[in-house]
Amino acid sequence: MVNKKLLPLLLICIAVAVAVITDIATTSAAPIAADATVDCHTVIIRLKPCLGYVLGAGIVPSVCCSGIKSLFIVAHTKADHQSICNCLKSRYASATREQISRAARIPGICKTKVPAKISKDVDCSKIN
């Protein structure tokens, strides 16, 4: 289970978005569009492997890249992309600039395109 203080940092690992299975108690604090199929719980699970890197540990693990890619395989719609963005953005407030900067590097390292810039200022309603 992820420490509740680390959960926000986990989620900044994208608008970078994300891999592997863990059971996390707190899931959806972010609004989800009515037609979205990707919920905050799914985002948390898939991004968990990226947390170490965001917190300052060495390199991005391959399982982090797999998680990002798998998240966007299941995120087919604009509503899904906005749901992912809202989930992540709802947790950005507690992240440091350095952590957000590290998270923003992950898509490039993983050679994965994400639909929005990783930033505290992203407008999730404008994501396609």
- Query: Are side-chain heavy atoms of Ile109 and Ile59 found at a separation under 4.5 Å?
  - Reply: no

- List the atom of Tyr92, the atom of Ser119, and the distance in Å for their closest heavy-atom pair. CE1-O, 2.8 Å

- Query: Between Pro61 and Pro49, which heavy-atom pair has the shortest distance, and what is it?
  - Reply: CG-O, 3.3 Å

- Is a side-chain donor-acceptor pair under 3.5 Å present for Asp80 with Thr77? yes

- Under 3.5 Å: donor-acceptor pair, side chain of Ser101, backbone of Arg97: no

- Message: Under a plain distance cut-off of 3.5 Å, with no hydrogens placed, do Thr42 and Asp39 share a side-chain donor-acceptor pair?
- Response: yes

- Do Arg105 and Tyr53 have side chains that get closer than 4.5 Å, going by heavy atoms? yes

- Item | Gap separating the CD1 atom of Ile100 from the NZ atom of Lys117, nearest 0.5 angstrom | 10.5 Å

- So which heavy atom on Ser94 is nearest to which on Gln99, and how close? O-OE1, 4.4 Å

- First locate atom CD1 of Ile45, then atom SG of Cys40, and finally report the distance between them rounded to the nearest 0.5 Å. 10.5 Å

- Message: Could you tell me if the side chain of Cys110 sits less than 4.5 Å from the side chain of Val60, heavy atoms only?
- Response: yes

- What's the shortest heavy-atom distance between Lys89 and Lys120, and which atoms? CE-O, 3.2 Å

- Message: Ser62: which residues meet the side chain to side chain donor-acceptor pair (under 3.5 Å) condition with it, sequence neighbours left out?
- Response: none

- Quick check: does any side chain N or O of Ser83 sit under 3.5 Å from a backbone N or O of Val38, one acting as donor and the other as acceptor? yes

- Gap separating the CZ atom of Arg102 from the CG atom of Leu51, nearest 0.5 angstrom: 11.0 Å

Using a 3.5 Å cut-off and no angle test, enumerate the donor-acceptor pairs between side-chain atoms of residues 121-128 and protein atoms at least two apart in sequence or in another chain.
residue, atom, partner, partner atom, Å
Asp123, OD1, Ser125, N, 3.1
Asp123, OD1, Ser125, OG, 2.6

- Message: As a test of understanding, state which of Leu55, Ile106, Val63 forms a side-chain contact (heavy atoms from CB on, under 4.5 Å) with Cys50.
- Response: Ile106

